[in-house]
Amino acid sequence: VQLQASGGGLVQAGGSLRLSCAASGNIFSINTMGWFRQAPGKQRELVAAITSGGTTNYADSVKGRFTISRDNAKNTVYLQMNSLTPEDTAVYYCRTWPLVDTWGQGTLVTVSS
């Protein structure tokens, strides 16, 4: 399984971005998908996750602002990020687990004040 993340960039505070993560292989529909992020000098943290059944989980810091979704037909998971703040600046990584545990490459999100 390979994951390819995209959609990062520079945005002003209050703006929006949508991240995408495309997966190869046939594990996608039965594995949990998630987005993690790592800011400079900080540990990597879970941002949002979605199970194969569609159950979602969010970090408290992004609840109400971020939405994770998945399209099993396209083997793609999305992270819609609204009302971005400078504190959201980080490298964002997608991950699939637990049957096959794989990380994608990071995509940088920079939010300017």
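This one's a predicted model, so the numbers in the text were calculated from it and none came from an experiment.
Under the salt bridge (Lys or Arg N to Asp or Glu O under 4.0 Å) criterion, R65 pairs with D88, sequence neighbours left out. With sequence neighbours left out, E87 forms a side chain to side chain donor-acceptor pair (under 3.5 Å) with T85. Every residue two or more places apart in sequence or in another chain that forms a ring pair (Phe, Tyr, Trp, His ring centres under 6.0 Å) with F36 is listed here: W97, W103. For R95, the salt bridge (Lys or Arg N to Asp or Glu O under 4.0 Å) partners two or more places apart in sequence, or in a different chain, are D101.
When all heavy atoms are compared, the tightest approach of P98 to N31 is N-OD1, 3.3 Å. The nearest pair of heavy atoms linking T76 to S20 is CG2-CB, 4.3 Å. Taking each heavy atom of A23 and L3 in turn, the nearest pair found is CB-CD2, 3.4 Å. Residue A39 comes nearest to T89 through the heavy atom pair CB-O, 3.6 Å, listed as atom of the first residue, atom of the second, then distance.
When each of V77, V62, V47 is checked for a side-chain contact (heavy atoms from CB on, under 4.5 Å) with I68, only V77 meets the rule.
Looking at T67 and L79, their side chains never come closer than 4.5 Å, going by heavy atoms from C-beta outward.
Every pair tested for salt bridge (Lys or Arg N to Asp or Glu O under 4.0 Å) that includes a residue from residues 103-113 fails, sequence neighbours excluded, so the list is empty. Pairs engaging residues 23-91 under the disulfide bond (SG atoms under 2.5 Å apart) rule: none recorded [sequence neighbours left out]. A side-chain hydrogen bond (donor to acceptor under 3.5 Å, both in side chains) check over residues 45-64, counting only residues at least two apart or in different chains, returns the pairs R37-E45, R37-S61, D60-K63. Evaluation of the disulfide bond (SG atoms under 2.5 Å apart) test over residues 11-84, restricted to residues two or more places apart or in two chains, returns C21-C94.
Cation-pi geometry between R70 and Y78 is not met: the NZ or CZ atom fails to fall both under 6.0 Å from the ring centre and inside 45° of the normal.
Atom CG of residue L17 and atom CZ of residue F66 lie 9.0 Å apart, to the nearest 0.5 angstrom. Here the CG-OG distance, from L84 to S16, works out to 6.0 Å after rounding to the nearest 0.5 Å. Remark: M33 CE to T102 OG1 distance equals 9.0 Å, nearest 0.5 Å.
Residue V91 is not grouped with residue L19 when hydrophobic side chains (ILVMFWY) are merged at heavy-atom distances under 4.5 angstrom, including chains of intermediate members.
Of the possible polar contacts, none joining the N82 side chain to the G15 backbone as a donor-acceptor pair under 3.5 Å is found.
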Show the atom names and distances, to 0.1 Å, of all donor-acceptor pairs under 3.5 Å that link a side chain in residues 104-113 to residues at least two apart or in another chain.
unit_1, atom_1, unit_2, atom_2, d
Q105, OE1, A5, N, 3.2
Q105, NE2, A5, O, 2.7
T107, OG1, G8, N, 3.1

